[in-house]
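Everything below concerns the one structure shown next.
Quick note on labels: first sequence line is chain A, next is B, and so on, each numbered from 1.
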2 protein chains.
Amino acid sequence: MRRTRFDDAACPIARSLDQIGDWWSLLIVRDALDGARRFTEFQKRLGLAKNILSARLSKLVAHGILRLEPASDGSAYQEYVLTEKGESLRLVLMALRQWGEDFLFAPDDRPLPHVVKASGKPLGPLEITHPKPRKLGPRDVEVLKELDD
Amino acid sequence: MRRTRFDDAACPIARSLDQIGDWWSLLIVRDALDGARRFTEFQKRLGLAKNILSARLSKLVAHGILRLEPASDGSAYQEYVLTEKGESLRLVLMALRQWGEDFLFAPDDRPLPHVVKASGKPLGPLEITHPKPRKLGPRDVEVLKELDD
DNA sequence: CCGTATCCATTCCGATACTG
DNA sequence: CAGTATCGGAATGGATACGG
């Protein structure tokens with residue numbers, strides 16, 4: 001596409017999109033946040049072609065969003081784990097999730113709730129803060145896998 | 001590319017990306033939030049080809065993120081204004097901005113600060129809330145155009 | 001199991017020319 | 001000013017075949 005690069009743009013949003021603004025990267029990060037670490041695991045979850053998964057993973061590693069690590073089990077392979085930079089995308093994903101929940105689902109087709117781990121209670125909206133104390137960290141929340149009420 | 005569609009995915013993030021997950025849409029929304037309304041205005045700010053701007057704007061209108069409105073001045077043309085759905089993307093953009101600010105700028109190349117309109121003070125991080133009261137709305141903040149300290 | 005390599009279709013992007 | 005039309009090139013995406 002010979003896309004214009006945004007990597008040196010003055011705007012942080014443009015720079016961000018340059019690194020993760022394509023169709024698959026954020027979904028890969030989403031699954032990584034959900035515990036996926038192996039190539040085939042990502043492939044199975046996302047259902048995308050292996051060559052493009054390979055390319056995306058490499059790009060994410062190159063940008064320091066994922067990092068390669070020796071497999072946690074005995075296998076000779078490596079695993080893709082999130083760096084701090086990658087972990088921090090959780091907030092972006094949450095914003096995207098809340099927007100989607102609010103505007104992209106019909107009343108009779110609700111998404112799985114996003115809840116606070118400790119309490120199991122659904123999240124409130126993201127809030128903008130003055131430079132003030134924090135409430136809850138991104139790690140404190142999770143998305144329910146199924147409805148078991 | 002024959003990309004897989006996410007518009008009926010179970011995951012809100014996937015659905016969101018289906019509507020605004022391309023290279024230009026969020027930047028268009030960014031500029032709309034910043035006051036841009038006219039075709040040429042977007043084109044000038046973004047520096048993208050007119051045909052693709054045209055396609056993106058149409059798509060955003062089709063998705064109910066932008067809406068066409070008779071020009072506010074005398075001209076016979078129309079203007080692109082954000083719907084509530086589009087306005088709500090402000091939070092997503094803020095998350096993206098904060099991530100970019102945190103990880104994509106060198107110490108000697110800081111981005112323009114994002115401040116609270118009323119106080120002029122820089123924003124704190126987005127926070128996750130329990131179902132609790134709100135603090136500051138997305139409309140209360142702005143990005144400085146230049147540094148005049 | 002974990003990828004890389006190859007092939008082909010699609011579509012995205014940018015530039016330019018053109019209309020009202 | 002506000003687009004539409006057309007063009008070529010590049011990157012993306014999916015499928016499959018192949019190798020460690």
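Position along DNA chain D of the nearest nucleotide to D22(A) versus K50(A) favours D22(A) as the more 5'-ward residue.
Separating the CD1 atom of I52(A) from the P atom of dA5(C) is a distance of 16 Å, rounded to the nearest angstrom. dG13(D) atom C1' lies 13 Å from atom CZ of R5(B), rounded to whole Å. A straight line from CG of L46(A) to C1' of dG14(D) spans 14 Å, rounded to a whole angstrom. Look at CZ on F42(A): it is 14 Å from C1' on dG3(C), rounded to the nearest Å. Rounding to whole angstrom units, CG of residue L60(B) and P of dG3(D) are separated by 14 Å. Between L66(B) atom CG and dG3(D) atom P there is a gap of 12 Å when expressed in whole angstrom units. Here the P atom of nucleotide dG3(D) and the CD atom of E79(B) are 10 Å apart, to the nearest Å. What separates CZ of R37(B) from C1' of dA2(D) is a distance of 16 Å, to the nearest Å.
Across every non-hydrogen atom of R45(B) and G35(B), the tightest pair is NH2-C, 4.1 Å. The shortest non-hydrogen separation linking F105(A) to G100(A) is CD1-O, 3.3 Å.
Phosphate proximity of dC13(C) to R56(B): present, with a side-chain N or O under 4.0 Å from OP1 or OP2. Proximity of W23(B) to the phosphate of dT12(D): no side-chain N or O atom is located under 4.0 Å from OP1 or OP2. Between T40(A) and dC2(C) there is a side-chain polar atom (N or O) within less than 4.0 angstrom of OP1 or OP2. Contact between the side-chain N/O atoms of T4(A) and the OP1/OP2 oxygens of dC13(C) is not found at any separation under 4.0 Å.
In this structure, a donor-acceptor pair under 3.5 Å is present between the side chains of D22(A) and S25(A).
Taking CZ of F39(A) as the reference point, atom CG of L53(A) lies at 4.0 Å (rounded to 0.5 Å). Remark: W24(A) CH2 to L48(A) CG distance equals 5.0 Å, nearest 0.5 Å.
With dA2(D), dC1(D), dC2(C) as the choices, the nucleotide that has an atom nearest any side-chain atom of R38(B) turns out to be dA2(D). Of all nucleotides listed (dC12(C), dG14(C), dA15(D)), dA15(D) comes nearest to the side chain of N51(A). Closest to the Y77(A) side chain, of the nucleotides dG3(D), dG14(D), dG20(D), is dG20(D). Distances were taken from every side-chain heavy atom of W24(A) (C-beta onward) to each of dG14(D), dG14(C), dG3(D); the shortest belongs to dG14(D).
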